[in-house]
Amino acid sequence: MILIGIIGPIYSGKRTIADWLKREHEFTERRPFFLLLAVDAELRVRYERWKHSENKENFNDFMDQNDKNWNEIRKIMYMADFIITNSSEKADLYKYLNDLDITNPVRLRPDYDTYFMNLADLVASRTNCIKRKVGCVLVKDSRVIATGYNGTARGLKNCNEGNCESCSQEDGGKSSTCKCLHAEENALLEVGRENKDCILYCNT
Ligand SMILES: Nc1ccn([C@H]2C[C@H](O)[C@@H](COP(=O)(O)O)O2)c(=O)n1
């Protein structure tokens, strides 16, 4: 099902999709196969459109209305999975949406490669290295066997606590003197010798 709505009339008391989203945002966040798309435009373009639809000219009036609604609009925009900037005609927007293939099943439910690469990004967020942010996931039969991120070895003072002089250098230091273990190294240390024939996903 595709719902199309505009945010504008919410503030003039009419019920809109934006109205519904505000009330039901928990539903939309948890619901699988639901994508929220926000369409924005550059300020100058929005001003031109406002002049046309409101039959007004005064830029300050436009900005007053813009600023009055800004926080509410921003909240809804942040909920969106995609934000598209459309500073052109409606026909161009529809063509762009068509080309985007938004309802492609892979977008709604990632395939395994996308899923494990997304996991590698998540794993990377735990790095303690101040120079690089790397995550690695080892997979066998579509199941995660081990993960690893880069950083100084377990039990040592962390890189982000000043333990790696090399990473602290302005020019990034030499990799030969770096104390940080690679994400792949940590994942392989974790997996041990028994698990052969894994697929390694790494985000660098
Ligand atoms: N799940 C984990 C836990 C730790 N590591 C590695 C990353 C660092 O080299 C080291 C210490 O990490 P910390 O405990 O300070 O976050 O152990 C890993 O790769 N995966």
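These numbers come from a predicted model, not from an experiment. Both counts, for ligands and for their atoms, begin at 1 and track the order of listing. What you see below is based on every heavy atom in this structure, not just the backbone, and it leaves out hydrogens, waters and symmetry mates.
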* Considering distance alone, does some N or O of R126 sit under 3.5 Å from an N or O of ligand 1? ->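 There is such a contact, yes.
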
Which residue supplies the protein heavy atom nearest to [atom], what is that atom called, and how far is it?
atom	answer
atom 6 (C) of ligand 1	N186 ND2, 3.5 Å
atom 3 (C) of ligand 1	Y149 OH, 3.3 Å
atom 15 (O) of ligand 1	N158 OD1, 3.3 Å

* To do: Answer yes or no: is there a donor N or O on one side and an acceptor on the other, between the side chain of N186 and the main chain of N150, under 3.5 Å?
  =>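 Looks like no, no N/O pair under 3.5 Å.
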
* **Any donor-acceptor pair under 3.5 Å from K140 side chain to K196 backbone** =>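 Side chain of K140 to backbone of K196, a donor-acceptor pair under 3.5 Å: yes, one is there.
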
* Asked: Which ligand 1 atoms are under 4.0 Å away from a heavy-atom of G151?
  ->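 The list of qualifying atoms is 9 (O).
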
* Asked: Counting from 1, what ligand 1 atoms have a heavy atom of G148 closer than 4.0 Å?
  ->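 Within the 4.0 Å cut-off of G148, ligand 1 contributes 19 (O).
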
Taking every non-hydrogen atom, the tightest pair across [X] and [Y]:
X	Y	answer
L36	I76	CD2-O, 4.3 Å
A187	A146	O-CB, 3.7 Å
P110	Y115	CB-N, 4.1 Å

* Measure T152 to ligand 1 on non-hydrogen atoms and call it side chain, backbone, both or neither using the 4.0 Å cut-off. =>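 The answer is the backbone of T152.
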
* Asked: Who are the side chain to side chain contact (heavy atoms under 4.5 Å, CB included) partners of K95, not counting sequence neighbours?
  ->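 Only D99 meet the side chain to side chain contact (heavy atoms under 4.5 Å, CB included) criterion with K95.
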
